[in-house]
Structure formats: structure tokens, C-alpha cells
There are 4 protein chains.
Amino acid sequence: MAGNSFGKLFKLTTFGESHGKAIGGIIDGCPAGLQLDLDAVQQDLDRRKPGQSAIVTQRKESDTVQFLSGIFEGKTTGTPIGFIIHNEDQKSKDYSHIENSYRPSHADYVYDQKYGFRDYRGGGRSSARETASRVVAGAIAKQLLNTIEIKAYVSAVGEISLDKDHNEIDLQNIESNIVRCPDTGTAAKMEQYIKEIRKQGDTVGGVVSCVIKNVPIGLGEPVFDKLHAELGKAMLSINAVKGFEYGSGFEGAAMKGSEHNDLYNADGTTKTNYSGGIQGGISNGMDIYFNVAFKPVATLIQEQTTINKEGEYVQMQGKGRHDPCVVPRAVPIVEAMAALVLADYHLLDKVAKQ
Amino acid sequence: MAGNSFGKLFKLTTFGESHGKAIGGIIDGCPAGLQLDLDAVQQDLDRRKPGQSAIVTQRKESDTVQFLSGIFEGKTTGTPIGFIIHNEDQKSKDYSHIENSYRPSHADYVYDQKYGFRDYRGGGRSSARETASRVVAGAIAKQLLNTIEIKAYVSAVGEISLDKDHNEIDLQNIESNIVRCPDTGTAAKMEQYIKEIRKQGDTVGGVVSCVIKNVPIGLGEPVFDKLHAELGKAMLSINAVKGFEYGSGFEGAAMKGSEHNDLYNADGTTKTNYSGGIQGGISNGMDIYFNVAFKPVATLIQEQTTINKEGEYVQMQGKGRHDPCVVPRAVPIVEAMAALVLADYHLLDKVAKQ
Amino acid sequence: MAGNSFGKLFKLTTFGESHGKAIGGIIDGCPAGLQLDLDAVQQDLDRRKPGQSAIVTQRKESDTVQFLSGIFEGKTTGTPIGFIIHNEDQKSKDYSHIENSYRPSHADYVYDQKYGFRDYRGGGRSSARETASRVVAGAIAKQLLNTIEIKAYVSAVGEISLDKDHNEIDLQNIESNIVRCPDTGTAAKMEQYIKEIRKQGDTVGGVVSCVIKNVPIGLGEPVFDKLHAELGKAMLSINAVKGFEYGSGFEGAAMKGSEHNDLYNADGTTKTNYSGGIQGGISNGMDIYFNVAFKPVATLIQEQTTINKEGEYVQMQGKGRHDPCVVPRAVPIVEAMAALVLADYHLLDKVAKQ
Amino acid sequence: MAGNSFGKLFKLTTFGESHGKAIGGIIDGCPAGLQLDLDAVQQDLDRRKPGQSAIVTQRKESDTVQFLSGIFEGKTTGTPIGFIIHNEDQKSKDYSHIENSYRPSHADYVYDQKYGFRDYRGGGRSSARETASRVVAGAIAKQLLNTIEIKAYVSAVGEISLDKDHNEIDLQNIESNIVRCPDTGTAAKMEQYIKEIRKQGDTVGGVVSCVIKNVPIGLGEPVFDKLHAELGKAMLSINAVKGFEYGSGFEGAAMKGSEHNDLYNADGTTKTNYSGGIQGGISNGMDIYFNVAFKPVATLIQEQTTINKEGEYVQMQGKGRHDPCVVPRAVPIVEAMAALVLADYHLLDKVAKQ
């Protein structure tokens with residue numbers, strides 16, 4: 001209820017604040033007998049961690065996951081998988097300046113209003129640090145889905161956009177650069193732009209795109225829990241996300257039915273894929289693809305005027321080490337959330353018919 | 001699990017196929033003692049019903065809701081509210097041509113694959129007729145929320161867009177025309193365009209925008225169940241929706257933090273509202289606003305080539321009476337889903353603090 | 001949340017008051033492709049219905065179920081199964097005397113306290129009439145479970161107890177008498193006793209026992225959702241139930257481990273079955289058996305002193321036509337709830353391992 | 001779904017095996033602003049821990065809980081409370097003898113059947129060690145409920161029963177002896193008997209009773225989630241429990257309505273309390289009381305014949321340090337589960353009416 005769980009049959013519950021002792025979670029419902037590659041889990045965490053490159057926050061966190069239960073002799077046992085990631089770089093003093101003031105476009109003010117007070121250290125629960133737990137669970141979900149391929153990449157940074165769609169790029173190139181844009185030329189421009197933005201003490205938004213291949217036909221539930229509805233919720237639950245579109249998306253709203261309909265080939269595949277691999281909320285075996293819009297990071301290394309608890313105007317400047325642009329680090333998070341959704345529907349589909 | 005329920009504390013479960021005896025639902029969790037205006041419920045249903053104007057399907061359905069339980073002496077009793085809407089215009093023969101064939105960009109094919117067979121009469125469960133039940137529940141949710149104002153309207157039909165944002169329009173004008181676009185001039189163009197599209201036997205997509213005013217601060221749950229994440233899921237669960245964005249949306253991804261941050265006034269309101277009334281997943285008291293993209297209706301009154309169960313190519317032409325553009329009728333559905341989300345979070349917020 | 005749903009994957013939600021227009025429910029999650037015998041559903045309803053014999057209430061209700069959705073060409077479609085049962089014998093005037101007074105050991109008082117007011121006609125939602133919807137859903141669950149045999153029977157009426165355990169009786173005899181006790185001699189005594197009690201305007205409690213045969217090994221979830229925990233909840237959710245025990249039950253608490261342990265045969269069956277077919281919350285393939293204690297019906301055809309809303313003492317005498325003892329009619333309800341639990345775990349077990 | 005969560009609004013999810021690195025859990029939904037007494041949490045854990053007296057297992061575990069999140073400046077923040085308890089006494093070698101054999105009346109066999117293999121170290125997830133996490137969460141739930149008093153005690157050990165009901169005993173005496181039976185004379189007999197049983201290498205069952213005072217009127221949900229149904233499930237989910245009865249319980253089944261009905265006093269209290277403080281599933285303000293039957297511990301320090309994975313008969317004798325009777329240590333577990341149920345309904349009741 002209180003919003004810290006995700007999934008129905010493959011269920012992740014997370015806990016932890018950015019500056020507490022540890023964050024972590026419990027995965028409940030992972031089927032027994034899954035041989036786990038724990039190095040692959042850590043690799044996904046490493047793709048998300050601070051300090052990995054020159055264009056992300058330089059905070060120091062090794063982000064090493066420790067599994068506490070649910071795995072025996074390398075395989076899942078069917079019992080809950082508990083895990084923790086210790087917080088190492090807890091410079092709480094960095095945040096003393098926000099104890100009584102509300103950072104613009106952060107959750108400080110609404111937390112105080114909703115809960116009566118807040119853990120003001122570094123954003124507390126509203127910090128994107130929580131997403132490390134999602135990456136752990138998503139990495140395990142990916143292994144459950146084995147043949148399904150989930151690839152996210154950066155398709156826009158500010159006004160610099162990748163002008164190729166998911167069919168025109170080489171997904172193997174995503175990790176070839178620190179921006180995680182599969183087009184090398186565009187990636188270079190994006191990297192340059194992020195560095196300039198950082199110098200200005202400013203931040204910039206961006207778009208992460210994701211393509212999912214080899215999806216079996218039939219994943220998704222009709223009506224409220226359509227596959228794309230759950231994917232949309234999953235993405236919108238990631239910090240800083242402002243929009244989600246799949247298949248033809250917002251452009252599809254401007255099209256005619258005679259252009260937009262995906263005509264069938266004799267084998268049930270479709271000649272076009274404006275549907276984005278989903279019809280009526282259920283996967284049709286074609287590629288699923290979608291875009292996720294991220295707003296610019298709200299913490300600026302610039303002076304801003306804001307208010308304190310007394311409603312007085314105060315000057316504030318971001319301290320600490322922040323990301324000038326979140327999308328490079330958001331790539332594994334988008335993949336993780338997509339994997340969690342698919343793992344859930346993969347299990348639900350096993351009980352769809354007699 | 002099987003996707004026919006929505007909500008946590010204010011929970012709607014629906015049943016029914018487009019051509020069965022009736023559709024309906026159960027609302028569980030509506031607090032006791034709410035004085036209901038049942039005429040207002042029927043009025044919202046009338047805004048969704050077929051045959052209401054020249055630009056929607058001419059199918060004949062009175063769509064009269066009958067309440068079976070949970071209401072006594074005009075007030076909710078705290079027990080589940082069961083309701084049904086009889087299907088009157090069940091011309092099942094209209095659909096015999098699709099028994100063995102798969103309509104392009106419909107769910108026919110994936111239902112057969114997922115469930116082994118399907119109720120082929122008029123789309124069965126995948127028909128948007130199901131949304132009538134949502135409108136019933138949403139109309140009750142609106143009454144629970146009383147002072148909160150939820151207004152949806154058409155902001156684009158095909159390539160004709162309303163070029164004003166939600167602050168520049170008069171929400172009282174929405175029902176002044178059959179398109180439900182609050183700008184009279186734009187509405188006239190949209191109406192004209194829909195009529196042309198219909199003559200061509202074609203269809204067109206569109207965008208519904210929604211603004212929610214007078215939202216108390218504090219609605220929403222952090223992490224997975226952020227208010228906008230649940231709104232996004234709610235909207236994406238509506239038939240034909242391809243995208244959702246709130247606040248600055250996809251445009252926000254191109255902005256800098258120094259432009260995008262919403263600076264505070266002394267009273268906790270903000271000078272700008274790129275956040276769309278939600279920070280960290282929790283309402284901040286400013287207007288919530290979002291856009292929902294609808295694809296063009298897949299049923300065309302044009303001949304299309306498709307396949308049958310044997311994988312043979314066959315010719316197909318839509319019969320029956322279909323909408324050339326869904327957005328005018330989608331307006332009350334968007335409002336209903338928004339009301340369901342807010343009602344749920346309104347109740348959840350009552351247990352957020354001691 | 002509000003307590004009107006049961007089950008996780010095979011989920012029943014019910015609505016309806018005893019004296020409203022109709023009661024009914026929605027079954028969500030029944031797998032597609034199940035060939036249904038709808039006559040068998042009605043037969044179970046007939047075993048529960050009023051007026052079926054001389055020892056039950058003589059209220060007149062045909063209790064005919066009408067299915068509204070989810071079934072096509074005799075098979076489940078995977079979409080929700082909506083159904084209603086119209087209330088025919090709504091003598092609301094029978095209940096005007098309780099509008100302002102609280103019947104002893106009924107829920108009148110607590111409903112008024114919890115909800116602020118209540119639908120006072122015949123117990124409203126707290127009436128056992130709601131269990132008719134459970135019988136409908138349970139009858140479908142039985143068909144999903146096909147080879148599993150669920151048999152409930154009356155094992156005590158007041159102080160008259162069946163002195164044979166479930167291995168010593170012939171389950172085929174249950175329906176041979178109106179008490180539904182499989183031992184003919186004991187049944188005759190029970191019937192005689194119930195008739196005497198009725199003449200006195202009094203009521204009496206009883207025990208329903210249940211045995212479940214041919215249960216596959218592995219149903220149940222560890223920790224909180226143990227198979228017997230969910231069975232216990234299911235039974236305790238039936239009106240008038242005061243206790244539940246399975247296997248050795250309360251007698252087991254007085255035994256030593258050396259007596260109570262069930263030693264294995266070489267094939268994994270056990271020589272004794274004090275465990276009641278469940279170990280660690282998971283079925284072990286042996287017979288599951290349990291007892292359910294029902295209190296005497298609270299409505300007496302005798303004068304009782306009670307209080308009204310003003311806290312004044314008033315005299316009250318039950319009117320209408322009530323059961324002198326509920327256990328004969330409770331037999332199909334116990335079976336239905338057991339079937340719902342097992343159907344749920346049958347589906348959950350399909351996702352337990354890779 | 002997989003059974004490792006309990007509660008709806010006040011929700012506990014646990015993880016951990018008896019011989020893994022740690023056990024623990026996440027409490028999601030505890031309202032913000034609750035001032036916590038963490039010493040009281042540890043005190044409840046100490047009442048459950050091994051080695052606390054001469055009549056329980058002599059295993060060495062300090063069972064120290066470490067809180068990782070959700071608490072700031074001594075108060076709950078509204079975010080999830082994550083906690084762990086390290087396993088210290090992991091003598092895994094003690095259990096090598098059961099790797100390939102199935103202990104009688106343990107879950108070894110069904111786990112292997114359900115999941116394909118099992119973590120055989122000390123019962124793994126089926127070990128009662130998991131209940132330590134419940135005690136942590138229950139101790140916090142007690143603090144949320146503050147004025148409600150939940151007191152459990154031992155009322156039977158084998159055939160030695162306390163012959164006084166909950167009104168005749170002094171609840172302050174419960175902790176005066178190591179059996180936790182509030183009647184000193186009976187406690188002494190029980191203690192003596194447990195010591196004899198231990199000498200024989202045998203075990204014995206028992207009964208824990210519980211009384212809950214100062215319950216506000218209105219807790220509980222009608223129909224499936226009746227207060228006593230959820231209490232019953234909670235108790236039956238505790239390892240080794242075979243039965244649950246509340247109020248008049250199984251004895252009530254033998255009574256007449258004219259004896260059993262609880263007549264009202266003018267203030268809404270009742271003269272008798274056969275209802276056990278609950279009517280129609282909702283608390284009526286009178287004492288709630290119930291009994292929970294525990295079977296004898298299955299691990300004997302005696303030789304038993306059992307089978308191995310190959311279906312061959314083998315001899316087995318319990319090693320390690322086991323409880324001769326679980327009920328003294330079960331007392332805080334029963335209290336914890338009762339507190340979890342009440343905390344959940346306490347929160348749900350806040351949204352029952354407008």
C-alpha cells in the first residue's frame with residue numbers, strides 16, 4: 001500500500017534512505033531452481049553506480065550487493081531473496097543546510113507536509129539511491145527471462161537527439177561510450193554538452209529509449225494491467241521521469257488508422273510495428289519499444305532563492321557531488337524496471353489457461 | 001492478478017464483454033456515509049455513450065446503470081457497490097466475419113494465442129465498452145473527492161492541436177461542443193476534420209489533456225506508487241492509449257535545470273509549475289496536468305488484407321458502427337480514471353501519519 | 001482491503017445485501033478453456049438454499065444464478081466471470097422492528113458504530129445470504145480442481161457428536177439425509193434434536209468436518225500463507241464460525257512428539273496422518289481433514305431483552321423464518337471455501353519452480 | 001503471493017533461513033511520527049530467544065535486531081523500516097545428516113517435492129527462526145496500538161491445563177515463571193513435566209491463550225476479512241499450530257442460542273462474552289480472547305525410522321539443541337501476530353467512513 005513494493009508474482013520490496021546504514025530489498029516470488037550469475041547482478045549495479053565516468057556524480061560508493069537468503073548452492077530456493085547494499089559515503093553534514101529549507105523541485109516540502117517531518121539527509125527516501133535495489137532485482141529478473149533481450153540506451157540529452165529509431169542502431173554499441181548512446185557521433189556531442197552543462201553548475205534532461213526483443217506472444221493482462229500500462233507505471237516510478245510513450249506514441253495520435261494499422265504477415269508477425277509489440281495490452285511477439293523522458297536534475301551548483309520552514313526566503317546552493325544529467329546512469333534502471341514487469345507477466349501467463 | 005481490478009483502498013473490479021448480457025463492476029472500499037448523486041453518475045455515462053453526437057459511433061445503447069448494493073437511503077453503507085449495465089444492442093451477427101480472422105491492430109490474434117480461443121463477438125473483453133464501468137466508478141470517486149476538480153478535454157485531433165495550455169483555456173467551455181475542445185474555433189476545425197475522416201471510412205488519433213485543481217498537498221506514495229506513476233498506468237490502461245506525460249513532459253527532457261526548477265513563493269506555492277503539481281510522487285497543491293495520446297481506431301470502413309486462423313490472407317472490411325475518432329468519448333473516461341487514482345490516494349493519505 | 005475479496009490468483013469478489021435487489025460476484029483469474037458444468041453449480045446452490053428441508057429456514061428463495069460474462073460456448077474465456085442471484089423474498093417489513101434496536105449477538109451494533117449507520121434490512125451485508133455467492137465460485141473452483149475430492153459433512157449438532165473419524169465413514173452417505181451427517185443413526189438423532197430445538201424457538205450450534213482427498217503434493221506457500229492458515233481463514237470467514245482445527249487439532253496439543261510424528265512409508269506416504277495432510281504449510285499428498293465449529297444462530301423465536309439506539313432496554317423477538325441450526329446448510333459453504341483456497345494454491349504452485 | 005508478506009496497510013515482509021547469514025524483514029506502512037521504544041522491541045525478542053531458560057533449546061543466539069531505515073531521530077518517518085538479525089550459531093554441520101533424508105513431520109519432504117530441492121540446513125525457511133522477524137514487527141505494531149493491551153500466556157502443556165479462564169487470572173503474573181503460565185501452581189507442574197519430557201528425548205504440545213483488552217469498537221472488515229478470520233490465519237501461520245478458536249470456540253458449538261447470546265447492557269457492553277469481543281467480524285469493545293493449539297515439536301532426541309531421497313528406510317536421531325515444548329517461547333510470537341492483525345485493522349478503520 002505504502003508504495004514500496006513492485007510486482008504481483010515476482011515482487012520486489014525495497015527499503016532504505018540515501019544516508020542511512022544500508023539500503024536493500026526482498027524479492028519474493030522468484031521461482032526455485034534458477035541458476036544465478038551473481039557477477040552479472042554486480043555488473044548491472046556497476047553500470048548505475050556513482051563515479052563510473054567523468055559525466056556522472058563523483059560520489060564514492062562501491063555499491064556492493066550482499067545476498068542474505070534465498071540462494072543455495074548457486075540456485076534460487078523459492079524462498080525470499082533478501083539483500084543489502086551498505087551506504088559508504090554518508091557525508092550527512094553535506095546536507096545540514098537543507099534541514100530547514102526546501103530545495104526547489106525536490107520532494108523536501110511535500111514530505112514535510114505529508115509525514116509531519118522528514119529525514120533530511122540527502123533526500124532520504126526520495127533519493128534516487130533507492131534505485132540501486134531495483135537494479136539488483138531487475139538483474140535477477142533478466143536471468144529468469146533468459147532469452148528475452150532488454151536493451152535501453154540514451155536517445156536524447158537536452159536538445160541533442162538521436163535521429164535513428166531502434167531498428168537503425170546497433171544495440172551492441174550502447175556500452176561503447178560513457179553516455180550510453182549507441183550512435184558514436186551523437187554520443188560524442190552529448191558527452192561534450194553534458195560537460196559544458198556541468199561547468200555551468202547547471203543540469204539537463206534527456207530521454208532513455210528501450211527495446212525488448214524475443215518477447216513470447218501472450219504476456220500482459222487485459223483491461224487495467226495491460227503490459228504497456230505496467231511498463232508505463234514502472235518507468236514513471238523512476239525518479240525524474242515526466243513521460244512515457246510506446247510504439248507510435250504521441251506521434252501516433254496524429255496519424256490515420258489507414259496509416260497506423262499493422263497489417264499481418266501470414267506467420268502472424270506484422271509488416272509495420274506502430275503497435276510497439278503490444279496489442280490490447282498483450283505482447284504480440286514483435287519488438288516492444290518505448291521512450292522515457294527525464295527532467296533535468298533539480299540540484300544545481302548555482303545559487304537559487306527558496307524558502308525555509310518558516311516561509312522565509314533564503315538563498316541556497318547545491319553542495320555535494322551531483323549528476324549534471326541522469327540519463328547515462330538511468331539506462332540500467334530502465335532495463336531493470338522493464339525486466340521486473342516482464343518477469344511478473346511471464347509468471348502470470350503460466351496460469352492464463354488450463 | 002488477472003488485471004480486472006484497479007485501486008488499493010478504493011477498488012474497482014469490472015466484468016463483462018461487449019456482446020454478453022451485461023457489463024458491470026464492484027466498487028469495494030468506498031467509505032460509508034457518502035451522500036450520492038446518482039444522476040451525476042448517469043450524466044457522466046451519457047458523456048461516454050454511443051450515439052450522443054454526429055461524430056461518434058451511432059450504435060444504440062442507453063447505457064443505464066443499475067445499482068444493486070452498497071447504497072441505502074441515498075448514502076454509501078461501506079459495503080461493496082455492485083452495479084450492472086445491460087448490453088442492449090448486441091448485434092452479434094455483425095461480428096461473424098471475424099470469428100476466424102484477425103483484425104489488424106486489434107487484440108484478436110493475441111487473445112487466441114494467450115487463452116487458446118476467444119469470445120469473438122465485437123472484441124469481447126478487449127472492447128472499450130468495458131470503460132463504461134470505469135465511468136460509473138469514477139463518477140462516485142469524484143463525489144468522494146468533492147472539492148477536487150477534474151477536467152479533461154480534447155487538445156488534439158490528428159494534426160489539429162489546441163495551441164493553448166491549460167492555464168489559457170476556459171474549462172467551462174469543454175461541454176460547449178461535441179468534440180469537447182474548450183477552444184471554440186479549434187473545436188470547429190476538429191469537428192470538420194472528423195467528419196471528413198469518417199466519410200473516407202478512415203479514423204484518426206488524438207490527445208486528451210486533463211487538469212486537476214484544488215488537490216490537497218500530500219497525495220501520493222513515494223517510490224513505486226508515485227502519484228503520477230499510478231495516473232500514468234490508469235491512462236495507459238484505457239483502450240488505444242499510446243503515451244502519457246505530465247507537467248513539462250517530453251519537452252522537459254530538453255530543458256536545463258535552471259529553467260525547469262519551480263521556485264517557491266513564500267506560501268509554499270511555486271512560481272512556475274513544470275513539476276505538474278507533483279514532486280517526488282506526491283502532490284504539492286499546484287494544478288496537476290497531463291496529456292494522454294490515443295492512436296487512431298483500428299476498425300476501418302475500408303478493405304484491408306489480413307490473415308485468418310489458418311494463416312491465409314483474407315480481405316476484411318469493418319462492419320457495424322464505429323467511432324472515427326475516440327477522443328471526444330474518451331474525455332469522461334480520462335476523468336474517471338483520474339478520479340479513481342485520486343480517491344485511492346486520498347484514502348491512503350489518511351493513514352500516512354499518526 | 002475492505003474485505004470483500006478472497007483469493008490471490010483465483011479471486012472472488014462479492015457484493016450484495018440480504019434485502020437488496022441482488023447479490024452476486026466476480027471471479028477473476030479462472031484459467032481459460034475450462035469446460036463448465038453449470039448444472040453442477042446450481043446443484044451446490046440448491047444444497048445451500050432456504051426451504052430445502054424441514055430443518056432449515058422456510059424462507060422462499062429459488063437462488064438461481066445467472067452468469068453475465070466470462071463464459072463462451074460453455075468454456076471459461078480467461079476474462080472475469082460476473083454473476084448475480086436475484087433476491088426474491090425481500091420482506092423488508094419483517095425487519096422494521098430492528099431498525100432502531102440491536103439484536104443480541106448480531107452485528108447490528110458494531111455496524112452502526114463502525115460505519116455511522118447501517119442497512120438494517122435483514123442483517124444487510126452481515127447476513128449469511130452473502131455465502132450463496134461463495135457457493136457459486138466454489139462450485140467453479142471444484143471443476144478447476146477436478147480430480148481433487150472435497151467432502152464436508154455434519155459431525156456434531158449441539159452435544160450430539162458423530163463418534164467416527166473421517167476414515168470410518170462413507171462419504172457417499174452425506175446427502176442421504178437432510179442433516180448431511182454420513183452416519184444414518186447419528187443423523188436421525190440430530191434431525192430429531194433440531195426439530196425439538198425449533199419447537200422451543202431456540203437454536204443450536206454444531207460442527208462441520210471436511211476431508212479433501214487426492215490432493216497433489218506441494219500446494220501451499222511457506223510462512224504466512226500456509227495452506228492450513230488460508231483454510232482456517234476461509235472457514236473463520238463464514239458466518240457463525242468460532243473455531244478451526246486440522247489434523248490432530250486441539251487434541252494434538254496434548255500429545256507427545258513420539259506419538260504424534262507421522263512416520264514415512266517408503267513411497268513418501270505416512271503411516272499415520274496427525275499432520276492432516278499438510279507439513280510446513282504445504283500439502284503432502286495425504287488426506288487433508290479439518291473441523292469447523294459453528295455457534296448457535298443468534299436469532300431466537302423467544303423474547304429477549306436488548307437495547308435500542310438510545311441505550312434503552314427493549315423487548316425483542318425474532319420474526320421471519322430462521323434456521324434452528326446452520327450446519328446442514330453450511331456443508332456446501334465449507335466445501336466452497338475449501339475449493340477456493342485449493343484453486344488458488346493450485347495456480348500458485350504452477351509458478352513455484354522453473 | 002509467495003507467502004512471505006503479512007498485512008494490508010501495516011505490512012511485514014520477511015526473509016531468511018535459519019542457517020543463512022541473516023534473517024530480517026521490511027515493515028511497510030507504519031505511519032510516520034510514531035515515537036519508538038527500541039528497547040521494548042529487543043525485550044520482546046529476548047522473550048522469544050533460545051537459551052533464555054532451562055526448558056527451551058540451549059542454542060546460542062543473541063538475536064539482536066539492527067534497524068537499517070525508516071527511523072529518524074527516534075521516530076518512524078513513514079518510509080519502510082528495514083531490519084536484520086544476524087544468525088550467529090550456524091552449526092551447519094549439525095544438519096548434514098538430513099541432507100538426503102526426510103525428518104518425520106517436518107517440511108523436508110514437501111519442500112523437495114514443491115521446489116525441486118531445498119536448503120537443508122536446519123529446516124531452512126521452514127524453521128521457526130523466521131518468527132523472530134515477526135516479533136520485531138509485532139513489537140512495533142504494539143507501540144502503534146499503545147492503549148490496546150495484548151497478553152498471551154501458556155494455558156496447557158500436554159495434558160496439564162490451566163483450569164481458569166482469562167477473567168480469573170492475573171495477567172501480570174505471566175512473566176513470573178519460565179513457562180509463562182500466570183497460575184504459579186500450574187506453572188510449576190508444567191515446568192516439571194517439560195523437564196521430564198526433555199529427559200526422555202521426547203517433546204510435548206501445548207496451548208497458548210491470548211486476551212486483548214481495550215480494543216476500540218469497529219476494528220475488522222465484514223465478509224472475508226473478519227477480524228477473527230485474520231487472527232486465525234495469523235495464528236495458524238505460526239509453526240506447529242494445529243487449531244484456533246475464539247470466544248466460546250468449539251464449546252460454543254454444543255450450546256443453545258438462548259445460552260450463547262450475549263445480552264446488552266445499556267452502555268452497549270454485554271453481560272456475557274461468548275462472542276469473544278467480535279460480532280460479525282468486527283470488534284465490539286469487549287475483551288477479545290482466543291486459544292491456539294501447538295503440536296509437539298517434531299525433532300526428537302530418539303531414534304526414528306524414516307526414508308531418504310531414494311525411498312530407502314534409514315534411522316535418524318535429532319541432533320543439535322531443540323525445544324522440548326514450544327509454547328513458552330511461542331507466547332511473544334502469538335502476541336506479535338495479534339498486534340500485526342490489530343495494527344492493520346486499526347489503519348483500515350481510519351478509512352471506513354467519511
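No experiment lies behind these values; they were computed from the predicted model shown. Here is how names work: the chains are called A, B, and so on, in the same order as the sequence lines, proteins then strands, and each is numbered from 1.
- Screening residues 300-310 of chain A for salt bridge (Lys or Arg N to Asp or Glu O under 4.0 Å), with sequence neighbours left out, gives A:Asp112-A:Lys309.
- Between the side chain of A:Tyr313 and the main chain of B:Ala266, a donor-acceptor pair closer than 3.5 Å is present.
- Most heavy-atom pairs under 4.5 Å with chain A, from the set B:Ile278, B:Val207, B:Asp108, B:Val241: that is B:Val241.
- For A:Asn291, the parts lying under 4.5 angstrom from a heavy atom of chain B are both the backbone and the side chain.
- For residues 243-256 of chain B, no residue pair satisfies the salt bridge (Lys or Arg N to Asp or Glu O under 4.0 Å) rule, not counting sequence neighbours.
- Most heavy-atom pairs under 4.5 Å with chain A, from the set B:Ile197, B:Thr203, B:Leu263: that is B:Thr203.
- For chain B, the nearby parts of A:Ile282 are the backbone and the side chain; heavy atoms of each come within less than 4.5 Å.
- Looking at A:Gln113, the atoms closer than 4.5 Å to chain B (heavy atoms on both sides) sit in the backbone and in the side chain alike.
- Among B:Glu312, B:Glu159, B:Arg134, B:Lys8, the residue making the largest number of heavy-atom pairs under 4.5 Å with chain A is B:Arg134.
- By the 4.5 Å heavy-atom criterion applied to side chains, A:Tyr264 and B:Thr305 are not counted as neighbours.
- Looking at A:Lys226, the atoms closer than 4.5 Å to chain B (heavy atoms on both sides) all sit in the side chain, from C-beta outward.
- Residues A:Leu300 and B:Ser258 form a side-chain contact, since some pair of their non-hydrogen atoms from C-beta on lies under 4.5 Å apart.
- For a residue to count as touching a neighbouring chain, one of its non-hydrogen atoms must lie under 4.5 Å from one of that chain's; by this rule A:Tyr274 touches chain B with the backbone only.
- Between B:Val223 and A:Arg125, the closest side-chain pair of non-hydrogen atoms falls below 4.5 Å.
- In this structure the side chain of B:Phe6 never reaches within 4.5 angstrom of the side chain of A:Asp225, judged on heavy atoms.
- When each of B:Ala229, B:Gly218, B:Ala107 is checked for heavy-atom pairs under 4.5 Å with chain A, B:Ala229 comes out on top.
- When the candidates B:Gly158, B:Ala234, B:Gly311 are compared by the number of heavy-atom contacts under 4.5 Å with chain A, B:Gly158 comes out ahead.
- A side-chain hydrogen bond (donor to acceptor under 3.5 Å, both in side chains) with B:Asn261 is found for one member of A:Gln304, A:Lys295, A:Gln302 and no other, namely A:Gln304.
- Between chain B and the residues A:Ala253, A:Ser237, A:Gly205, the most heavy-atom pairs under 4.5 angstrom are made by A:Ala253.
- Interface remark: B:Arg103 contributes backbone atoms only to the contact with chain A (heavy atom separation under 4.5 Å).
- If you measure heavy-atom distances from B:Ser5 to chain A, the contacts under 4.5 Å come from the backbone alone.
- Relative to the six-membered ring of A:Phe250, B:Lys242 misses at least one condition, a distance below 6.0 Å or an angle of at most 45° to the axis.
- The closest donor-acceptor contact from the side chain of B:His228 to the backbone of A:Leu236 lies under 3.5 Å.
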Can A:Asn4 and B:Glu221 be said to form a side-chain contact (heavy atoms from CB on, under 4.5 Å), step by step? CA-CA 8 Å; A:Asn4 298 291; B:Glu221 299 296 324; over 6 Å; no
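- Between A:Ser283 and B:Val110, the closest heavy-atom pair is O-CG1, 3.4 Å.
- A:Val204 has its side chain out of reach of B:Met255: every pair of non-hydrogen atoms, C-beta onward, lies at least 4.5 Å apart.
- In this structure, the portions of A:Ala352 lying under 4.5 Å from any heavy atom of chain B include both its backbone and its side chain.
- Between chain B and the options A:Gly220, A:Gly247, A:Gly243, heavy-atom pairs under 4.5 Å are most frequent for A:Gly243.
- Of the two parts of A:Asp349, the backbone and the side chain both hold a non-hydrogen atom closer than 4.5 Å to a non-hydrogen atom of chain B.
- In this structure, the portion of A:Met337 lying under 4.5 Å from any heavy atom of chain B is its side chain and not its backbone.
- A:Ser105 is listed as a side-chain neighbour of B:Asp262, based on a closest heavy-atom distance under 4.5 Å.
- When all heavy atoms are compared, the tightest approach of A:Gly257 to B:Pro296 is N-CB, 3.3 Å.
- For chain A, the nearby parts of B:Leu12 are the backbone and the side chain; heavy atoms of each come within less than 4.5 Å.
- For chain B, the nearby part of A:Gln200 is the side chain; its heavy atoms alone come within less than 4.5 Å.
- A:Phe224 is listed as a side-chain neighbour of B:Glu130, based on a closest heavy-atom distance under 4.5 Å.
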